[in-house]
Undergrad: 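One structure, pasted below without further comment.
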Amino acid sequence: MKIRCPSAFSILAFTCLFGIACGASSEPDRTRVDRTFATGAIAGGDRGRQSAVPRPKIVILGDSLTAGLGLEVSESYPAQLQVLSDNAGYAVDIVPHGVSGDTTAGGLSRLEWVIGGYGARENVASVVVALGGNDGLRGLPVEQMIMNLDEIITRLLSEGIDVLLAGMEAPPNYGAEYTARFRRAFRVLADRHDVVYLPFLLEGVAGVPELNQRDGIHPNAAGARRVAEHLWPALETLLNQLSRDAGTVPLQR
């Protein structure tokens, strides 16, 4: 099932996106990643460890946006998604796996760890794939990005792991044709694999000064909440799909 939303935004939004790669090192931000994982990787990590039965994990495979660069862990959009999920009664743990500056190739290189690195493989119920922004910002070939994302999605589905694909946008620097092919790539992949789809992760946040940090690049706490609120309906669709597939309802009421 697809969640389709309008993706209209200004040149300022593209300028904001451009800094995701330029404002972060091309090398993984290991300090930030280690800090994120050290919290139990999720806002609800302590609850998960205290439970006799491990809660299903929803892993978010992403870049600096997912890592919550410049924010406290509790302010990041994955942590805000955990709050929304808890408030809705879902008994799942949302796990951010973000590396600053990472491309789809980097995400692919981390995939096996994502699948098997959180304990038993069956504990990873779903993965939100939130990559591609840095590919576009660096002008990498769209075909290469498609191949990487296709392999990521195919591998996850082969393990019985549901997928939510969050699209990104390329800046206008490389021309209208590149931008259009880049945008279309996410929709084509979502249709090909029949996965839950969100056209643009930063819809309503990119290019809005009051929702971004001083660098004009990464969401501030308010912006991260907006990202979480925008992503939540698609994630809830994924959780309901997980419930149907498993023949159970992963809720705590």
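Just so it is clear, the model here is predicted, and its values are computed rather than measured.
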Undergrad: Side chains of Gln82 and Asp86: do they bring a donor and an acceptor to under 3.5 Å?
TA: yes
Undergrad: Taking all heavy atoms of Gly70 and all of Gln213, pick out the closest pair and write down the distance.
TA: CA-OE1, 3.6 Å
Undergrad: Would you compute the distance between atom CD1 of Ile58 and atom CD1 of Ile161 and round it to the nearest 0.5 angstrom?
TA: 10.0 Å
Undergrad: How long is the span from the CG atom in Asp191 to the CG atom in Leu165, to the nearest 0.5 Å?
TA: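 Reported value, rounded in 0.5 Å steps: 10.5 Å.
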Undergrad: Go through it in stages, so that I can follow the logic: the residues are Arg181 and Glu143, the test is salt bridge (charged side-chain N to carboxylate O under 4.0 Å, His left out), and I'd like the CA-CA distance, side-chain angles, deciding distance and then a yes or no.
TA: CA-CA 9 Å; Arg181 286 193 295 115; Glu143 294 74 18; 3.0 Å; yes
Undergrad: Kindly indicate whether the side chain of Leu235, heavy atoms from C-beta on, has any atom under 4.5 Å from the side chain of Leu164.
TA: yes
Undergrad: Val129, Leu140: one ILVMFWY side-chain cluster at the under-4.5 Å cut-off?
TA: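 Not linked; separate clusters.
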Undergrad: Using atom types as modelled and distance alone, determine if a side-chain donor or acceptor of Asp215 lies under 3.5 Å from a backbone N or O of His218.
TA: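 Side chain of Asp215 to backbone of His218, a donor-acceptor pair under 3.5 Å: yes, one is there.
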Undergrad: Under 3.5 Å, is there a donor-acceptor pair linking the side chains of Asp135 and Thr104?
TA: yes
Undergrad: Given side-chain contact (heavy atoms from CB on, under 4.5 Å), test Val124 with Val95 step by step and report yes or no.
TA: CA-CA 10 Å; Val124 180; Val95 183; over 6 Å; no
Undergrad: So for atom CD, which belongs to Glu229, do other residues, nucleotides or ligands contribute more than 12 heavy atoms lying within a distance under 6.0 Å?
TA: yes
Undergrad: Are the side chains of Thr103 and Arg138 in touch, meaning some heavy atoms are under 4.5 Å apart?
TA: yes
Undergrad: Find the distance between CG (Leu198) and CE (Met168) and round it off to the nearest 0.5 Å.
TA: 10.5 Å
Undergrad: Rounded to the nearest 0.5 Å, what separates atom CG in Asp93 from atom NZ in Lys57?
TA: 6.0 Å
Undergrad: So which of Asp162, Thr237, Val128 actually passes side chain to side chain contact (heavy atoms under 4.5 Å, CB included) with Val196?
TA: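 It is Thr237; the other options fail the test.
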Undergrad: Counting only N and O atoms by type, is there a donor-acceptor contact under 3.5 Å from the side chain of Tyr174 to the main-chain atoms of Leu137?
TA: yes
Undergrad: Do you know which two heavy atoms are closest between Val227 and Pro219, and how far apart they sit?
TA: CG2-CG, 4.4 Å
Undergrad: Would you please test Leu61 and Arg110 for side-chain contact (heavy atoms from CB on, under 4.5 Å) and show each step?
TA: CA-CA 9 Å; Leu61 180 63; Arg110 293 186 277 136; 3.5 Å; yes
Undergrad: Compare every heavy atom of Tyr90 with every heavy atom of Asn240, then report the nearest pair and how far apart it is.
TA: OD1-OH, 3.0 Å
Undergrad: Tell me the closest heavy-atom pair linking Met145 and Ala185, and the distance in Å.
TA: CE-CB, 3.9 Å
Undergrad: Hey, what do you get for CD (Glu159) to CD1 (Ile115), rounding to the nearest 0.5 Å?
TA: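 It comes to 5.0 Å.
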Undergrad: Counting only N and O atoms by type, is there a donor-acceptor contact under 3.5 Å from the side chain of Asn212 to the main-chain atoms of Val208?
TA: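 It does hold such a pair.
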Undergrad: Do any N or O atoms from the side chain of Ser109 and from the backbone of Gly106 form a donor-acceptor pair under 3.5 angstrom?
TA: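 Yes, the answer is positive, given that a donor and an acceptor are paired below the 3.5 Å cut-off.
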Undergrad: Give the C-alpha distance, both sets of side-chain angles, the deciding distance and a yes or no for side-chain contact (heavy atoms from CB on, under 4.5 Å) between Ile152 and Leu131.
TA: CA-CA 11 Å; Ile152 288 171; Leu131 290 163; 4.2 Å; yes
Undergrad: Check the surroundings of atom CD in Glu210: do more than 12 heavy atoms from other residues, nucleotides or ligands lie under 6.0 Å from it?
TA: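 Counting neighbours around CD of Glu210, more than 12 heavy atoms of other residues, nucleotides or ligands fall under 6.0 Å, so yes.
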Undergrad: Over all heavy atoms of both residues, which pair between Phe200 and His230 is shortest? Give the atoms and the distance, please.
TA: O-NE2, 3.0 Å
Undergrad: Kindly say whether Leu81 contributes a backbone atom to a donor-acceptor pair with the side chain of Ser85 at under 3.5 angstrom?
TA: no
Undergrad: Is a donor from one side chain sitting under 3.5 angstrom from an acceptor on the other, for Thr66 and Tyr77?
TA: yes
Undergrad: Run through Leu156, Val163, Leu149, Ile153 and flag the one making a side chain to side chain contact (heavy atoms under 4.5 Å, CB included) with His193.
TA: Ile153
Undergrad: If we ignore hydrogens and angles and just use 3.5 Å, is the side chain of Glu75 paired with the main-chain N or O of Arg225 as donor and acceptor?
TA: no
Undergrad: Would you say the side chain of Ser158 lies within less than 4.5 Å of the side chain of Arg155, judging by non-hydrogen atoms?
TA: yes
Undergrad: Which atom names give the shortest non-hydrogen contact between Ala88 and Trp232, and what distance separates them?
TA: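 Heavy-atom minimum between the residues: CB-CZ2, 3.7 Å.
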Undergrad: Between Val99 and Asp63, does the side-chain contact (heavy atoms from CB on, under 4.5 Å) criterion hold? Intermediate values first, please.
TA: CA-CA 5 Å; Val99 173; Asp63 48 34; over 6 Å; no
Undergrad: At what distance, to the nearest 0.5 angstrom, does CZ of Arg214 lie from CG of Asn220?
TA: 11.5 Å
